Trainee: 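Could you have a look at this structure, given as structure tokens, before my questions?
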Amino acid sequence: MKVDFYKAHNGLPSIKVNGIPLHSSYDPLKEAERAVESAAYKFRPSWIFVVEPGLSYCADFFRKKFPDTKLCALRFLKLGVENDLKWDKVIYDSGKDILSEKIFNCMGDEGVASCFFWTWPASEKIFPDETKAAWEEIKKVVIKTRNILNTRSYFAKRWIRNSTRFCLFSHYNAYILKGGIPVIVCASGPSLKSSIEYLKMYRDFYFLIAVSSALAPLTNEGIIPDLCLSTDGGYWAKLHLEFALKKYNIPIALSPEAACYAETLDKHTVVPISYGDGVAEELLSLCNYINVPAIRNGTVSGTAADLALNITTAEVFFCGLDLAPNPGFSHTQPNELEINGSCSDNRFCTQETRITPYTFNSPALDIYKAWFSETDFCGRLFRLSNNFNYSNKLGKVYDVDWNFFRQHISSELNSKPTVLYIPHEFELKDRIRQLSKSIKDNCMNREWIKCALPQEQITLERSSSQEQKKESLEKIKESMNRFTDEIIRTFDKGLKL
């Protein structure tokens, strides 16, 4: 690709790519001003994403029009550092990485939802294939964001209720002291079965974390995890925990938003997981819980990866991390949801009819697979099996077997990560009084609104007129007052959330 720099008639730098002007030959500054003014803005963006803006003349006019908005440029050309300094973020499209994941990692779901995507007009003519591919990736990240926001909107209030329940009933708390031996994380994909005998064989040489859905297949084989992790806020997540925790006193690493029976919280040792944001973080701090930091992720396995890497200086291995559809059961058996679902099987609605939808690929699996594929774990994270034939690859998460694991068993006396217990005693009435006051005082804070009503908060921030803002704010106020009153009434009645 031939790039020629030259001076326009007004003396400013301009450029041609393969003989086609990327900017005006007369006045590139005026051209940029007109282009920015003529762009169709239907809302006030928090981000502006520009596909190949060339010499960045448009950035100054975007900055003038939207002074509080962050600017991001997608580059097909390398035109020098000085052309990148006007942007808050610059992404170079190498064609090798997943662009949609780069955009999402840069802006997050709220940023994408309030982003104005735009192509510098001349770039579409000069880079037709690259531009088309970029907009396909933009479409993917917008769809991903829509799905995430729909999920957040559906579960948002439930997550806050779960967080309040956590603070009311969790007494026996703990944190994790870092160790130096390998950590194995067990998810419940079909490949887990191939590692069961090896998990037994080398049980003394690793710290075992089980995500909640892997509890049943592990404990069924007599393998007792050192820690169970659950982050799912949905009702069905409780069943996975309830199965094994009735028989075994396994410490639970639990995000406050996660679904868990009050009885389980009251009787078991819980390691509070903190994402560092949101209402749950405020409530944990208010109630003086010592927590373990971890990342928020769409899949519990993503949070487990981060947690495991932070509690050891050694390598981390995943068993059962398939992230792919399977022709049979999608999870290693036994599985509590499968047991529960099988109760309704009959000759008109068979087991095959019930499990067939899970044999096809899903957008959620694609999202989780993309996250693992795009994340750099610095060579410390591996996918472990007994030579299982995976149908996918996970970027730099390399597939290894148990011979490889054996080589990483150290002969030195490295310490094992240790769960340290901290009894957390309090009077329930005092805690209810404390939480009630916090909810009443903070319900109209931006952080609370964002957590309880994520889509409404984005609509408010996208509002381009005072009238729209006022209307959105009234709806939010009404919804938040109704929601907080509902929680307070539950406290007043002395009922369990």
Side-chain angles (χ1 to χ4, degrees), residues 151-152 154-176 185-188 209-216 218-219 224-275 278-284 286-294 296-304 307 335-337 339-340 419 421-426 428 431-432 435 451 487 490-491 495-497:
T151 301
R152 282 180 58 190
Y154 182 81
F155 284 106
K157 293 178 181 178
R158 184 182 301 179
W159 288 338
I160 294 178
R161 290 192 189 96
N162 288 345
S163 299
T164 312
R165 179 204 301 266
F166 182 98
C167 291
L168 285 179
F169 299 113
S170 183
H171 287 269
Y172 305 104
N173 302 115
Y175 66 97
I176 303 173
V185 181
C186 285
S188 60
I209 299 176
V211 307
S212 56
S213 59
L215 269 178
L218 290 174
T219 55
I224 310 304
D226 296 295
L227 185 71
C228 171
L229 173 65
S230 182
T231 61
D232 193 338
Y235 168 79
W236 297 108
K238 299 178 184 180
L239 294 181
H240 293 306
L241 292 173
E242 191 68 7
F243 167 80
L245 298 181
K246 282 182 177 179
K247 298 181 180 179
Y248 306 100
N249 186 22
I250 302 170
I252 320 165
L254 203 67
S255 65
E257 297 100 325
C260 188
Y261 290 111
E263 184 181 2
T264 304
L265 286 170
D266 189 45
K267 294 182 178 180
H268 282 80
T269 300
V270 177
V271 178
I273 296 295
S274 168
Y275 297 135
V279 170
E281 180 70 13
E282 289 186 21
L283 295 178
L284 285 177
L286 175 71
C287 298
N288 299 317
Y289 285 101
I290 297 176
N291 51 58
V292 175
R296 189 186 300 277
N297 198 284
T299 170
V300 63
S301 294
T303 301
L307 175 65
N335 179 274
E336 284 302 294
L337 301 189
I339 294 171
N340 192 72
V419 179
Y421 302 91
I422 309 170
H424 200 76
E425 296 300 332
F426 53 82
L428 186 59
R431 181 57 56 84
I432 288 176
L435 290 170
C451 291
I487 295 178
T490 305
F491 289 164
L495 299 175
K496 294 181 179 180
L497 290 177

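Treat the numbers as computed from the prediction; the structure is a model and nothing was measured.
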Trainee: In this structure, which one of Pro256, Ser255, Ser301 forms a side chain to side chain contact (heavy atoms under 4.5 Å, CB included) with Thr231?
Mentor: Ser255

Trainee: So which heavy atom on Leu265 is nearest to which on Cys260, and how close?
Mentor: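 Scanning both residues, the minimum pair turns out to be CG-SG, 4.0 Å.
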
Trainee: Atom OG in Ser274, atom CZ in Arg296: separation rounded to 0.5 Å?
Mentor: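 Ser274 OG to Arg296 CZ: 9.0 Å, rounded to 0.5 Å.
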
Trainee: If you compare all heavy atoms of Cys451 against all heavy atoms of Val279, which two are closest, and at what distance to 0.1 Å?
Mentor: SG-N, 3.5 Å

Trainee: Is any side-chain heavy atom of Leu435 closer than 4.5 Å to one of Cys167?
Mentor: yes

Trainee: Closest heavy-atom contact between Ala258 and Leu254?
Mentor: CB-CD1, 3.8 Å

Trainee: Within the supplied structure, the quantity of interest is the number of heavy atoms (other residues, nucleotides, ligands) at a distance under 6.0 Å from Phe155 CZ; does it exceed 12?
Mentor: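 More than 12 heavy atoms, drawn from other residues, nucleotides or ligands, come within 6.0 Å of this atom.
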
Trainee: On a heavy-atom basis, which atom in Thr303 and which in Leu229 lie closest, and how many Å separate them?
Mentor: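 Closest approach of Thr303 to Leu229: C-CD2, 4.2 Å.
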
Trainee: With rounding to the nearest 0.5 angstrom, report the CZ to CG distance, Arg431 to Leu286.
Mentor: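 That separation rounds to 7.5 Å.
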
Trainee: With rounding to the nearest 0.5 Å, note down the distance linking CG in Asn291 to OH in Tyr275.
Mentor: 11.5 Å

Trainee: Hey, are the side chains of Pro251 and Tyr421 touching, using non-hydrogen atoms and a 4.5 Å cut-off?
Mentor: yes

Trainee: Within the 4.5 Å heavy-atom criterion, are Pro225 and Leu215 side-chain neighbours or not?
Mentor: yes

Trainee: For the residue pair Asn162 and Glu257, what are the closest heavy atoms and their distance?
Mentor: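 Scanning both residues completely, I find the closest heavy atoms to be ND2-O, 2.8 Å.
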
Trainee: Can any side-chain N or O of Tyr289 pair as donor or acceptor with the backbone N or O of Asn173 at less than 3.5 Å?
Mentor: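 Side chain of Tyr289 to backbone of Asn173, a donor-acceptor pair under 3.5 Å: no, none is there.
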
Trainee: With a 6.0 Å cut-off (strictly less than), is the heavy-atom count around OH of Tyr172, excluding the residue itself, greater than 12?
Mentor: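 Not buried by this count: 12 neighbours or fewer within 6.0 Å.
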
Trainee: Evaluate the side chain to side chain contact (heavy atoms under 4.5 Å, CB included) criterion for residues Asp226 and Val419: first the C-alpha distance (whole Å), next the side-chain angles of each, then the deciding distance (0.1 Å), finally the verdict.
Mentor: CA-CA 8 Å; Asp226 296 295; Val419 179; 6.0 Å; no

Trainee: Could you tell me the separation between the CD1 atom of Ile252 and the OG1 atom of Thr264, rounded to the nearest 0.5 Å?
Mentor: 6.0 Å

Trainee: Might you work through the side chain to side chain contact (heavy atoms under 4.5 Å, CB included) test for Ser212 and Asp232, ending with a clear yes or no?
Mentor: CA-CA 9 Å; Ser212 56; Asp232 193 338; 5.9 Å; no

Trainee: For the residue pair Trp159 and Gly233, what are the closest heavy atoms and their distance?
Mentor: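 Scanning both residues completely, I find the closest heavy atoms to be NE1-CA, 3.6 Å.
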
Trainee: To the nearest 0.5 angstrom, please state how far the CG atom of Leu168 sits from the CG atom of Asp266.
Mentor: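 The CG atom of Asp266 is 11.0 Å from CG of Leu168, to the nearest 0.5 Å.
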
